[in-house]
Amino acid sequence: MTLRLHNTLTRRKQVFEPLDAENVRMYVCGPTVYDLAHIGNARPVVVFDVLFRLLRQVYGADHVTYARNITDVEDKIIARAKETGEAIESVTSRTTQAYHDDMAALGALQPSVEPRATDHIAQMIAMIECLIERGHAYVADGHVLFSVLSMPDYGRLSGHSRDELIAGARVDVAPYKKDPADFVLWKPSTAEQPGWDSPWGRGRPGWHIECSAMSEEHLGEHFDIHGGGQDLIFPHHENELAQSLCAHEGRPFVNVWMHNGYVVVEGEKMSKSLGNFFTVRQLLEEGWPGEAIRLALLSGHYRQPLDITRDKIKESKVQLDRFYGALRATADIAPSDAAPPEGVVAALSDDLNTPEALAEMHRIGTALNKAGNAIEQGRLKGALLAAGRLMGLLGQDPEDWFKGGSGGEAEEIERLIAARIAARKAKNFAEADRIRDELAARGIVLEDGPQGTTWRLA
RNA sequence: GGCCCGGUGGCAGAGUGGUUAUGCAGGGGCCUGCAAAGCCCCGUACGUCGGUUCGAUUCCGGCCCGGGCCUCCA
């Protein structure tokens with residue numbers, strides 16, 4: 001199966017060929033830990049989780065290294081701590097924990113490594129020194145700046161030339177910059193700001209250098225895939241690319257740059273600055289299953305904008321009901337130990353076409369519902385579950401999916417069902433329907449089947 | 001202003017130079033005491049105007065509309 005991925009650098013789908021099939025390496029930009037992750041932050045996590053799963057399927061689980069960083073030094077963190085009076089370490093550790101919990105609720109696997117910026121200050125300093133030495137950076141007014149003019153190719157990833165950037169500039173240029181396009185590698189810290197000793201005094205890193213330093217540390221100078229949200233193309237990834245390329249004297253850095261589209265709300269980009277966001281946690285607290293949120297995030301192609309609404313999450317939940325319904329109906333059938341279905345692998349191999357993969361899963365689901373014998377059922381059930389594993393879906397016990405959250409009422413529900421079965425046996429359908437209506441009013445739907453009566457939460 | 005994306009049936013959302021996904025919602029049927037679930041059938045969509053072509057939703061160009069980037073952002 002040929003894997004094809006869209007490369008932001010060439011703006012085309014390209015056949016993916018790993019540098020080393022024994023160790024395929026991917027880096028994805030993780031969160032700045034100052035606040036709960038909103039659904040827009042969750043999108044790349046889920047999208048690249050599917051890619052991680054696919055790569056593990058293709059190259060073997062032990063032959064993929066996935067690094068996703070935690071940015072735990074950044075001005076927004078400092079601002080948040082100052083605002084609330086909470087210690088910085090407390091803000092970052094609390095937020096990191098929340099991030100882990102929320103992403104786990106969305107069914108995302110842990111990355112192979114999760115480097116923290118504050119653990120890599122020495123590597124950043126070393127890289128900055130190297131950039132200064134090679135004439136790509138300069139010290140000015142306690143800052144170290146990257147010299148954009150020192151890199152003729154600057155702007156290739158985002159498609160912006162330095163001249164355009166300056167022409168369209170929306171912000172005032174700091175006086176210590178030699179050129180308006182230059183960006184900060186290192187900046188001085190005041191006594192109350194977090195800081196580390198460096199050749200340029202006590203200070204802290206600029207935003208972009210951490211990813212250059214950490215990807216090199218954990219994946220090497222040259223690796224396969226670098227991912228993130230579209231909004232990172234500029235300036236973050238453009239600058240990261242510039243730093244790494246210049247520090248490595250032009251040797252290759254990343255083979256494939258991948259960027260997921262925005263989550264939008266009523267057509268507009270979701271962002272913290274616009275305030276039109278909702279957090280993953282909010283949705284979970286509203287009672288939406290994490291798996292339904294995950295499916296909603298995978299319901300559109302990753303490069304397209306995605307409008308996340310409660311309606312869409314609801315529809316995703318209904319789709320999961322359909323899958324789990326098929327699995328529940330074959331609960332007593334052992335699934336075959338199947339490889340993921342070819343159609344699903346093919347869809348995902350075509351630049352992560354998750355909607356097509358989902359369509360294929362629905363075809364399998366329908367076939368499973370129709371299957372006439374245990375062998376066929378076992379085969380299709382195995383195929384569906386294998387597809388689910390690749391997508392990070394259908395990992396729950398169907399009974400838990402349908403009955404989870406019903407708390408301690410299960411016993412009483414079973415008692416009422418037994419009473420209804422007795423009434424039906426006695427052909428007392430009025431009483432049977434009364435019991436069913438009573439349960440329906442509590443959000444419990446009954447299903448009478450050949451093997452008896454089952455129930456689920458509506 | 002410069003540079004990028006998009007506009008598909010009621011909704012969501014893939015895809016394709018000719019056979020027109022998938023899910024939801026809707027209509028009809030089978031099954032059921034009645035339902036639910038499941039299964040079957042149905043609805044022929046691709047912004048607009050031109051061009052290329054035997055044939056275009058799919059390729060090319062103009063236009064209209066929406067969104068994004070141009071140093072806060074996943």
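B/A12 sits 37 Å from B/U53 when the P atoms are compared, rounded to a whole Å. On the C1' atoms, B/C72 is 16 Å away from B/G68, given to the nearest whole Å. For B/G15 and B/A37, the C1' atoms lie 31 Å apart once the distance is rounded to whole Å. Across B/C46 and B/C30, the matching P atoms stand 34 Å from one another, rounded to whole Å. B/A74 and B/A36 have their P atoms separated by 46 Å, with the value rounded to a whole Å. Separating the P atom of B/G2 from that of B/G9 is a span of 32 Å, rounded to the nearest Å. Of the C1' atoms belonging to B/A21 and B/G29, the separation is 24 Å, rounded to the nearest Å. Comparing B/U16 with B/G6, their P atoms sit 13 Å apart, to the nearest whole Å.
Interface remark: the A/Asn353 side chain does not form any donor-acceptor pair with the B/G15 base, using a distance-only criterion of under 3.5 Å. Evaluation of atom-type donor-acceptor distances gives a pair under 3.5 Å for the side chain of A/Arg424 against the base of B/G33. The base of B/C24 lies outside donor-acceptor range of the side chain of A/Lys314, with no N or O pair under 3.5 Å. Side-chain atoms of A/Gln319 stay outside donor-acceptor range of the base of B/G23, with no qualifying N/O pair under 3.5 Å. Not a single donor-acceptor contact under 3.5 angstrom links the side-chain atoms of A/Ser158 to the base of B/C69. Judged by distance alone, with hydrogens and angles left aside, A/Asp321 brings no side-chain donor or acceptor close enough to the base of B/C24 to form a pair under 3.5 Å. Contact annotation: side chain of A/Arg436 to base of B/C34, donor-acceptor pair present below 3.5 Å.
In this structure a side-chain-to-backbone donor-acceptor pair under 3.5 Å is missing from A/Lys403 to A/Ala410. Judged by distance alone, with hydrogens and angles left aside, the side-chain atoms of A/His143 form no donor-acceptor pair with the main-chain N or O of A/Leu145 at under 3.5 Å. Under a 3.5 Å cut-off, the side chain of A/Asp179 and the backbone N or O of A/Ser147 do not form any donor-acceptor pair.
Base pairing analysis places B/C39 opposite B/G29; the two distances defining the Watson-Crick or G-U wobble pair are each below 3.5 Å. In this entry B/A45 has no Watson-Crick or G-U wobble partner, no candidate having both defining distances under 3.5 Å. Partner assigned to B/G10 is B/C24, using Watson-Crick or G-U wobble distances below 3.5 angstrom. Using the Watson-Crick or G-U wobble rule with both distances under 3.5 Å, B/C69 pairs with B/G2.
Residue contacts shown for A/Gly325 are absent, as no nucleic acid heavy atom lies under 4.0 Å away. Residue A/Met270 is classed as a base contact, given a heavy-atom separation below 4.0 Å to a base. Among the heavy atoms of the strands, none lies under 4.0 Å from A/Asp307. Across all strands, A/Arg420 comes closer than 4.0 Å to base atoms (heavy-atom distances). Within 4.0 Å (heavy atoms only), A/Ser273 reaches at least one base atom of the nucleic acid. Within the nucleic acid shown, A/Leu446 comes within 4.0 Å of at least one base atom, counting heavy atoms only. Note on A/Phe234: only backbone sugar-phosphate atoms sit closer than 4.0 angstrom, heavy atoms only; bases stay farther off. At the heavy-atom level, A/Ala181 lies under 4.0 Å from base atoms of the strands shown. Using a 4.0 Å heavy-atom distance criterion, A/Val263 is classed as a base contact. Counting any heavy atom pair closer than 4.0 Å across all strands shown, A/Gln230 reaches no nucleic acid atom. At the heavy-atom level, A/His301 lies under 4.0 Å from the strands shown only through sugar-phosphate atoms.
Taking atom CD of residue A/Glu315 and atom P of nucleotide B/A25, one finds them 8 Å apart after rounding to whole Å. Remark: C1' of B/G67 and CZ of A/Arg303 are 16 Å apart, rounded to the nearest angstrom. Here the P atom of nucleotide B/G23 and the CD1 atom of A/Ile364 are 12 Å apart, to the nearest Å.
Residue A/Asn369 places at least one side-chain N or O closer than 4.0 Å to OP1 or OP2 of B/C39. Of the side-chain N and O atoms in A/Lys269, one or more sit less than 4.0 angstrom from OP1 or OP2 of B/C69. Between A/Lys312 and B/G13, a side-chain N or O to OP1/OP2 separation shorter than 4.0 Å is present. Look at A/Arg363 and you won't find any side-chain N or O under 4.0 angstrom from OP1 or OP2 of B/A14.
A side chain to side chain contact (heavy atoms under 4.5 Å, CB included) with A/Leu106 is found for one member of A/Leu295, A/Val46, A/Val45, A/Ile39 and no other, namely A/Val46. Each of A/Leu446, A/Ile435, A/Ile444 was compared with A/Leu416 under the side chain to side chain contact (heavy atoms under 4.5 Å, CB included) criterion, and only A/Ile435 meets it.
The listed nucleotides are B/A35, B/G33, B/C4; the one nearest the side chain of A/Asp448 is B/A35. Here the nucleotide nearest the side chain of A/Lys76, chosen from B/C72, B/A21, B/C34, is B/C72. The side chain of A/His362 approaches B/U22 more closely than any other nucleotide in the set B/U22, B/C69, B/U71. Here B/C70 is the nucleotide among B/A14, B/C70, B/C39 with the atom lying nearest to any side-chain atom of A/His160. Nearest to the side chain of A/Arg322, among B/U71, B/C24, B/A74, sits B/C24. Candidate nucleotides B/A74, B/G23, B/C73 were compared by shortest atom distance to the side chain of A/Thr366, and B/G23 ranks first. For A/Leu232, the listed nucleotide lying nearest its side chain is B/A74; candidates were B/C24, B/C39, B/A74. Set against B/A36, B/C73, B/G68, the side chain of A/Ser271 has B/C73 as its closest nucleotide.
In this structure, A/Tyr154 has its ring center at least 6.0 angstrom away from the ring center of A/His160. Here A/Phe253 and A/Phe223 bring their ring centres to under 6.0 angstrom of each other. Between A/His120 and A/His218, the ring centre distance stays below 6.0 Å.
Checking A/Glu268 against A/Asp179, the closest nucleotide of RNA chain B that is more toward the 5' end is the one next to A/Glu268. Judged by closest nucleotide on RNA chain B, A/Asp350 is the one of A/Asp350 and A/Asn260 placed further toward the 5' end.
Taking the charged nitrogens against the carboxylate oxygens, A/Asp350 and A/Lys13 do have a contact shorter than 4.0 Å, which makes a salt bridge.
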